[in-house]
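Here is the structure we will look at.
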Protein chains: 2
Amino acid sequence: MPPPPWRRGTDKPVRQQLGVPAIVAAAMRIMDREGLDAVSMRRVAQELGTGAASLYQHVRNKRELHELILDEVFRDLDVPEPDPTRWQQQLKDLCLDLTRIMLAHPGAAKIGMETLIPTTPGVLVGMDAMMGYMRVGGVPDHLIAKACDPLALMGTAFAYEASLWTTSAAGRAEAHRRIDEIEAYLDSLPHEQLPHLTALRKQIRDEDDGWANFELGIDIFIAGLATYATR
Amino acid sequence: MPPPPWRRGTDKPVRQQLGVPAIVAAAMRIMDREGLDAVSMRRVAQELGTGAASLYQHVRNKRELHELILDEVFRDLDVPEPDPTRWQQQLKDLCLDLTRIMLAHPGAAKIGMETLIPTTPGVLVGMDAMMGYMRVGGVPDHLIAKACDPLALMGTAFAYEASLWTTSAAGRAEAHRRIDEIEAYLDSLPHEQLPHLTALRKQIRDEDDGWANFELGIDIFIAGLATYATR
DNA sequence: ACCTGAACACCGTTCAAGT
DNA sequence: ACCTGAACACCGTTCAAGT
């Protein structure tokens with residue numbers, strides 16, 4: 001039943017006030033439900049019951065909106081004080097934490113890769129802690145400045161790759177189909193031209209756990225870093 | 001002047017026959033000139049003087065077209081025989097080569113990141129060689145299977161990041177603007193809350209050479225790998 | 001068998017017009 | 001100051017119709 005005509009107050013659609021926080025919240029809702037590709041200006045506007053043009057009052061463009069999501073995702077990252085006796089473990093934990101956060105919001109990693117030098121408050125705190133761990137570990141300063149980049153990139157890139165197929169049921173099915181195709185393709189190739197790949201295939205197939213591979217990758221990197229440490 | 005009416009042969013527009021090779025060639029031309037974002041079905045079709053619908057006779061969808069580009073990019077990668085006395089150097093060279101190839105075709109790295117497990121002939125040869133180097137180096141087999149992933153990902157991710165801003169003059173300008181903004185932002189932050197970042201800032205600014213950072217990242221990773229080697 | 005135009009359901013962004 | 005509808009110039013993909 002429509003409201004009586006004298007209730008003029010409810011004529012206008014009830015809608016929460018537009019503004020950056022509301023926009024980012026809507027965008028994150030869409031991203032977590034439908035993936036980053038669904039986070040278009042039009043779709044976010046629709047979620048807020050308005051038109052795409054309205055968003056441009058609060059956000060410069062789509063890229064800026066995406067970066068605001070990244071801000072939100074990394075907001076709460078807690079970092080323990082550096083402890084010289086276990087700096088390697090602390091460094092590893094931080095890398096894994098950063099990656100876990102991105103995996104919890106599939107799409108965030110893609111924004112991280114697409115953003116030229118992400119510099120949200122949360123990321124800065126993480127970077128500072130990373131440097132702190134390396135310093136108390138005795139890694140020379142000139143190395144620290146260079147080693148942070150690759151280390152952060154490993155986490156982001158891994159989370160990106162993972163989010164390609166972990167997000168949706170369709171993605172998982174697609175991934176399985178793809179793996180089967182690759183298995184068949186490898187079977188069809190001349191084994192003598194790919195001797196090492198052939199020799200290691202069983203190993204690869206049996207132990208193909210993405211997260212374990214990533215964790216080992218971090219371990220290897222930190223072990224390498226330790227060989228440069230002076231303490 | 002139009003051709004005389006009896007020259008019926010030239011009435012139809014002269015156009016090279018459509019087909020996968022022509023399509024991929026056109027796509028690569030566009031990618032190298034205008035970046036991956038410009039490689040749309042419509043734009044590639046335009047380049048070939050036809051409509052987008054025609055491409056679907058030869059290519060399943062845009063993703064497949066992009067992967068065909070990756071095939072082409074990695075076609076010629078030459079890999080030296082493994083030499084036990086310098087496997088670490090060989091492994092490093094291979095990683096750098098793979099990355100250089102992607103940097104030579106900005107856009108290729110993005111396809112590599114977006115492709116679930118890229119498996120072109122060229123990539124397979126590269127992977128096999130990578131494993132070969134690790135094997136003659138005495139890295140245990142179960143480690144090799146896991147270490148290839150992160151190593152390849154480091155190169156792809158680095159090339160992707162680099163291609164974000166190295167491609168166009170506009171991109172480079174944008175990157176410079178961004179760096180200046182970040183510098184100003186860091187200045188404005190409470191230094192006591194980011195002590196390590198503050199202490200290392202001069203170092204970071206002075207030595208911020210992306211390629212050098214990447215090379216060092218690979219060095220560190222390989223040094224770490226060597227600590228696991230049994231030979 | 002191969003190609004095509006038109007259509008469908010989307011995009012990001014701008015801008016004049018409204019309140 | 002803030003919002004909006006309409007428009008512009010794009011997308012990927014499908015499909016009936018042509019040769």
Side-chain angles (χ1 to χ4, degrees), chain A residues 8-27 30-31 33-69 107 110-111 114-116 164 168 170-171 174, chain B residues 8-27 30-31 33-69 107 110-111 114-116 164 168 170-171 174:
Chain A
R8 298 279 289 102
T10 50
D11 269 20
K12 294 178 191 166
V14 196
R15 174 171 78 240
Q16 60 181 316
Q17 186 62 30
L18 223 52
V20 174
I23 292 174
V24 173
I30 296 169
M31 184 178 86
R33 271 201 313 257
E34 307 166 42
L36 183 65
D37 288 344
V39 185
S40 64
M41 298 302 273
R42 286 173 129 103
R43 180 75 185 72
V44 171
Q46 191 199 56
E47 178 88 1
L48 294 165
T50 180
S54 305
L55 304 183
Y56 285 84
Q57 214 78 38
H58 307 90
V59 145
R60 206 194 330 249
N61 50 32
K62 189 172 116 166
R63 195 157 55 69
E64 189 171 292
L65 171 55
H66 281 186
E67 290 179 26
L68 286 169
I69 295 178
K110 186 166 191 186
I111 302 174
E114 278 166 1
T115 303
L116 205 57
L164 284 181
S168 67
E174 162 102 32
Chain B
R8 298 279 288 102
T10 49
D11 269 20
K12 293 177 190 164
V14 197
R15 175 172 77 238
Q16 59 180 319
Q17 186 61 33
L18 223 54
V20 175
I23 292 174
V24 174
I30 296 168
M31 184 177 86
R33 273 202 312 258
E34 307 166 43
L36 182 64
D37 287 344
V39 184
S40 64
M41 298 302 273
R42 286 175 131 103
R43 181 72 187 73
V44 171
Q46 190 198 56
E47 178 88 1
L48 294 164
T50 181
S54 306
L55 304 183
Y56 286 84
Q57 214 78 38
H58 306 91
V59 147
R60 201 187 342 237
N61 50 33
K62 189 172 117 166
R63 196 158 54 70
E64 188 171 291
L65 172 55
H66 281 186
E67 290 180 25
L68 285 169
I69 295 179
K110 186 166 191 186
I111 303 175
E114 279 166 359
T115 303
L116 204 58
L164 284 181
S168 66
E174 161 101 31

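What you see below is based on every heavy atom in this structure, not just the backbone, and it leaves out hydrogens, waters and symmetry mates. To find a chain, count down the sequence lines: A is the first, B the second, and so on, and within it residues start at 1.
Summarising the local packing, CZ of B/Arg60 is surrounded by 12 or fewer heavy atoms from other residues, nucleotides or ligands at distances under 6.0 Å.
Counting only heavy atoms from C-beta outward, the side chains of A/Leu48 and A/Leu55 approach each other to under 4.5 Å. Two residues are said to be in side-chain contact when any heavy atoms from C-beta on lie closer than 4.5 Å; A/His58 and A/Leu18 meet this criterion.
In summary, of the residues considered (A/Val44, A/Asp37, A/Val39), a side chain to side chain contact (heavy atoms under 4.5 Å, CB included) with A/Met31 occurs for A/Val39 alone. Between B/His66 and the options B/Asn61, B/Thr115, B/Val59, B/Ile111, a side chain to side chain contact (heavy atoms under 4.5 Å, CB included) holds for only B/Ile111.
Here the side chain of A/Gln57 is nearest to one of D/dC15, D/dC3, C/dC3, namely D/dC3. Between D/dC3, D/dT13, C/dC11, one nucleotide has an atom nearer to the side chain of A/Leu18 than all others, and that is D/dC3. Distance from the side chain of B/Tyr56 is smallest for D/dT14 among the nucleotides C/dT13, D/dT14, D/dC3. Looking at the side chain of A/Ala53, the nearest of the listed nucleotides D/dT13, C/dT14, D/dC3 is C/dT14. Nearest nucleotide to the side chain of A/Arg42, out of C/dT13, D/dG12, C/dT4: C/dT13. Across C/dT13, C/dC11, D/dT13, the shortest atom-to-atom separation from the side chain of A/Met41 is found for C/dT13.
When rounded to the nearest whole Å, the span between CZ of A/Arg43 and P of C/dT13 equals 18 Å. Atom-to-atom, CG of B/Asp37 to P of D/dC10 comes out at 14 Å; the value is rounded to the nearest Å. Atom CD in B/Gln46 sits roughly 13 Å away from atom P in C/dG5 (whole-Å rounding). As a whole-Å value, the separation of B/Ile23 CD1 from C/dC2 P is 12 Å.
Across the C1' atoms, D/dA17 and C/dA1 are found 15 Å apart, a figure rounded to whole Å. C/dA9 and D/dA9 have their P atoms separated by 23 Å, given to the nearest Å.
B/His58 has no side-chain polar atom (N or O) that falls below the 4.0 Å cut-off from OP1 or OP2 of C/dC2. Residue A/Thr50 places no side-chain N or O under 4.0 Å from the OP1 or OP2 atom of D/dC3.
Judged by closest nucleotide on DNA chain C, B/Leu55 is the one of B/Leu55 and A/Ala38 placed further toward the 5' end.
Base contact: A/Ser54 has a heavy atom under 4.0 Å from a base atom.
Atoms CD and CZ, on A/Glu47 and A/Arg43 in that order, are 5.5 Å from each other to the nearest 0.5 Å. Interatomic distance, CD of A/Glu67 versus CD of A/Glu114, reported as 10.0 Å (0.5 Å rounding).
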Pairing of DNA chain C as dot-bracket, 5' to 3': ( ) intra-strand, [ ] crossing, | other strand, . unpaired, with Watson-Crick or G-U pairs under 3.5 Å? ||.|||||...|||||.||

